[in-house]
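Step one of this worksheet: look at the structure below.
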Amino acid sequence: MAVIWRGNTQDRLHQDTISSGGGNSHKHKDKYKDKEHKHKDHKKDRERDKSKYGNSDHKEFSEKKHREKDRIKHEDVSTDRHKDKHKEKDHRKDESGLFIRCLFLFFRTEFKPKKIKIENDRVDKKTKKRKQDEDIKPKKTQKNKKGEVADGKKKAKKEPEEKWKWWEEERATDGSKWRFLEHKGPVMAAPYEPLPSKVRFFYDGKQMKLGPEAEEVATFFAKMLDHEYTTKDAFRKNFFKDWRKEMTSEEKSKITDLKKCNFNEMGEYFKAQSEARKAMTKDDKLKIKVENERLLQEYGFCIMDNHKERIANFRIEPPGLFRGRGDHPKMGMLKRRIRPEDIIINCSKDSKHPKPPPGTKWKELRHDNKVTWLVSWTENIQGSIKYIMLNPSSRIKGEKDWQKYETARNLKKCVDRLRNQYREDWKSKEMRIRQRAVALYFIDKLALRAGNEKEEGESADTVGCCSLRVEHINLYPEKDGQEFVVEFDFLGKDSIRYYNKVPVEKRVFKNLQLFMENKQPEDDLFDRLNTSILNKHLQELMDGLTAKVFRTYNASITLQQQLKELTSPDENLPAKILSYNRANRAVAILCNHQRAPPKTFEKSMQNLQTKIDAKKDQLSDAKRDVKSAKADLKVRRDEKSKKAVETKKKAVERLEEQLMKLEVQATDREENKQIALGTSKLNYLDPRISVAWCKKWGIPIEKIYNKTQREKFAWAIDMAEDDYEF
DNA sequence: AAGGTGACTTAGGACTAGTTGG
DNA sequence: CCAACTAGTCCTAAGTCACCTT
């Protein structure tokens, strides 16, 4: 098959080695838990062999830490720094109580404010340089006009309020998240519509009419009939137990065995409904669309501090059967319907408060501007709180996102020092320090998650770094020609399997042997460590540092390195994009972002191949044509045949290009079979790296980010230049 | 420390809309 | 024009981490 450029994403660089041995002292006191761990069942057994990088990139540590928590450091506005790149240096000089400092400074970084023209002049005066024409894209909408004005709730929506550049404004420094917040409240789940009476339910072969409560819950089950999990014991058991709670006493006494329940007619009915929906006329579909749009317009936005912002999830989650991921002990439980009485509304005192549906009231109306959510309620499966919050394109999310990358860049400056330190710590005489150091090494090198402890029986048995158990690793003094190999095999977040064989330094290896001494498979590997100890330690090493910062840092730095390495200047556009995707893929592999291979994968691959073959045929035909045209030309030597040759040549070129494009596509798709790029792109990769890359190579940003992504990363697109360095 | 809660980020899969090419 | 297939959106579960209480 014609797959070109097969690059092996799995190949990895590796560096470290070093060694030395070490015996130690120890004594562990254990606090082992005894639980039964089952987790054989790697249900999604998508295994992959990966190896990882570590990377190196360093910089001097120079930062001082301390910064009041919550606050953002920033600079006094009046000072004129923030010229372009001025490096961080400290900015902690707080001026006399003037708590307003400029945001730019906070995020040191070479950030050059660009064209401004924001509404507030105050901003204006502080932003001096503005450069224009940065834009990557042809979009015209870019220019913002004076959006709105002063406070007050004038719902400024005459016009979509062109692109507000919140990143050119100051940030609050008092821990408040907003000053004014107004919204319409959530959209409640649609009420239950009883089944038409022709749709029957049978118990033990006999038809039985259910009351509306029991019937509703039954429909939840009926809708899942062809799902595999309705066959799982835990699912059925949990469902049945909760279902019975909804039954009248009469129903309850009759229905005692789930196996005797026949939901088929109900299942068929829903299937038919969805068919019908698909078959609806254009007109009807349009009507639905319009209605959705209306709902979105009405409930999908809020006013926060003078700006209309999009809400992420404005609908209350409808009732249904809970399906956790992996082997979840609560699968099948009834997720109950949320009523207005369960809902807490958060908004400004002086805003127009959302009103509850007629005849109901909210559980509570509060005005807490220290949080970002608009609505919350407590969910009944785990008892956790759910929230309605703003869209990623909103100021409140964007600032936080930006800040996250700045913290990761700070780590870049001191990562060398930290690495040296944890290596030293491998030799510590204190067990807890060694454990901390080895765990940190894993987090850094393998981008593992922190691994909070979880309550047993409340959720699937998954682990992260600190919660690894002895049974999750195997040690091989020598394997496949490499020394000191650690084999990881565990279920991580979302019960995604993490499988990796990594050669480690000898000291790490020895330490692991030590940690495992006298332990049972189900004992904690790091019995003297947990995430809170680890994070406390990290916080001391660098302000704002926590375990997850390493993931962000390593992901972003890897992207940057890989882009540098993979992009070749003379490649054409599709090839450049392939290079980008490969860099992105390297990160996804590092972070273990997997996906189930699409159901239609094989087939669609085949289709592509067919196309490629067809294209090849066309190409060889076209080549033949050129030849014969040339021959013609030789004989005739007239203008006309000359033209003909040109035309045919053009055709060949065009075909070649098309073929190449297809082949690139095939390669990309193949390599991406079980790797999901979206998660890293959205959550781990500093968007400025991508923006800079696009600018540097003249790639339209749309090739890398779709519309939603461009909205989320508007700040980066606006501010990053082609020379941006993470 | 330990344990609990709250807020917020990160995650994969289901669902849907939009595009393409037959 | 329609079916087939993707790409993008929606959904909500499952993490992280700070902070509070004991």
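Remember, predicted model here, so these are calculated numbers, not experimental data. Both backbone and side-chain heavy atoms feed into the values below; hydrogens, waters and symmetry mates do not. Chain letters run A, B, ... following the sequence lines, proteins first and then strands; every chain starts at 1.
For A/K289, no side-chain nitrogen or oxygen approaches OP1 or OP2 of B/dA17 to under 4.0 Å. Taking only side-chain nitrogens and oxygens, A/R669 comes nearer than 4.0 Å to OP1 or OP2 of C/dT6. A close approach under 4.0 Å does not occur between any side-chain nitrogen or oxygen of A/R449 and OP1 or OP2 of B/dT9. Look at A/S604 and you won't find any side-chain N or O under 4.0 angstrom from OP1 or OP2 of C/dC5. The shortest distance between the side-chain N/O atoms of A/R551 and the OP1/OP2 oxygens of B/dA11 is below 4.0 Å. Within the structure, every side-chain polar atom (N or O) of A/K454 is placed at least 4.0 Å from both OP1 and OP2 of C/dA14. Side-chain N/O atoms of A/H593 include none lying less than 4.0 angstrom from OP1 or OP2 on B/dT10. At the phosphate of B/dG12, OP1 or OP2 sits under 4.0 Å from a side-chain N or O atom of A/T679.
Closest to the A/T708 side chain, of the nucleotides B/dA11, B/dA7, C/dT9, is C/dT9. Side-chain proximity of A/R595 to the nucleotides C/dT12, B/dG13, B/dT10 is greatest for B/dG13. You'll find that the side chain of A/K404 is closest to B/dT10, out of B/dT10, B/dA11, B/dC8. Closest contact between the side chain of A/A450 and the listed nucleotides B/dA11, B/dC8, C/dC17 involves C/dC17.
In this structure, A/E406 pairs ionically with A/R688, as a charged nitrogen and a carboxylate oxygen lie closer than 4.0 Å. Between A/R654 and A/E657 there is no salt bridge, since no side-chain nitrogen of the basic residue lies less than 4.0 Å from a carboxylate oxygen of the acidic one. The residues A/K707 and A/E702 are annotated as not salt-bridged, no charged nitrogen and carboxylate oxygen being separated by less than 4.0 angstrom.
Nucleic acid contact for A/T531: none, since no nucleic acid atom lies under 4.0 Å from a heavy atom of the residue. Contacts of A/Q382 with the nucleic acid, taken as non-hydrogen atoms under 4.0 Å apart, involve only primed sugar atoms and P, OP1 or OP2. Using a 4.0 Å heavy-atom cutoff across all strands shown, A/K707 reaches no nucleic acid atom at all. The residue A/G451 sits close only to the backbone: its heavy atoms come under 4.0 Å of sugar-phosphate atoms, none of a base. Across all strands shown, A/T372 has heavy atoms under 4.0 Å from sugar-phosphate atoms exclusively, and none from any base. Within the nucleic acid shown, A/T462 comes within 4.0 Å of sugar-phosphate atoms alone, with no base atom in reach, counting heavy atoms only. Within the nucleic acid shown, A/K278 has no heavy atom closer than 4.0 Å to any nucleic acid atom. Contacts of A/K548 with the nucleic acid, taken as non-hydrogen atoms under 4.0 Å apart, involve only primed sugar atoms and P, OP1 or OP2. Counting non-hydrogen atoms under 4.0 angstrom, A/K177 reaches the backbone sugars and phosphates but no base. As judged by a 4.0 angstrom heavy-atom cut-off over every strand, A/Y387 is placed among the base-contacting residues. Heavy atoms of A/A547 sit under 4.0 angstrom from primed sugar atoms or phosphate atoms, though from no base atom. A/A676 comes within 4.0 angstrom of nothing in the nucleic acid, heavy atoms only. Looking at heavy-atom distances under 4.0 Å, A/N452 makes contact with a base. A/G678 comes within contact range of no nucleotide atom at all, as no heavy-atom separation falls under 4.0 Å.
Closest-nucleotide positions on DNA chain B for A/N292 and A/R366 were compared, and the one nearer the 5' end corresponds to A/R366. Each of A/N706 and A/L545 was matched to the nucleotide of DNA chain C holding its nearest heavy atom; the match closer to the 5' end belongs to A/N706. In terms of position along DNA chain C, the nucleotide closest to A/K386 lies nearer the 5' end than the nucleotide closest to the other residue of the pair A/K386 and A/G464. Sequence order on DNA chain B of the closest nucleotides to A/G383 and A/S680 puts A/G383 first from the 5' end.
A cation-pi arrangement is present between A/K223 and A/F270 under the rule of less than 6.0 angstrom and at most 45 degrees off the ring axis.
Once rounded to the nearest 0.5 Å, the distance linking CD of A/E364 with CG of A/D342 reads 12.5 Å.
B/dT9 atom C1' lies 16 Å from atom CD1 of A/I385, rounded to whole Å. Distance A/K712 NZ to B/dT9 P: 9 Å, rounded to the nearest Å. Atom CG of A/N391 is separated from atom C1' of B/dT9 by 14 Å (rounded to the nearest Å). Put simply, CD1 on A/I533 is 16 Å from C1' on C/dT16, counting in whole angstrom units. Regarding A/M389, its CE atom lies at a distance of 13 Å from the C1' atom of C/dT12, rounded to whole Å. The separation between A/D668 atom CG and C/dT6 atom P is 14 Å, rounded to whole Å. The nearest whole Å value for the distance from the CD atom in A/E379 to the P atom in C/dA13 is 6 Å. Distance, A/E540 CD to C/dA18 C1': 16 Å, rounded to whole Å.
Contact annotation: side chain of A/K493 to base of B/dT10, donor-acceptor pair present below 3.5 Å.
Using a 4.5 Å heavy-atom cutoff, the side chains of A/F490 and A/T462 are not in contact.
For the 3.5 Å distance criterion, the side chains of A/T546 and A/N535 fail to qualify, holding no donor opposite an acceptor.
Not less than 6.0 angstrom separates the ring centroid of A/F301 from the ring centroid of A/H183.
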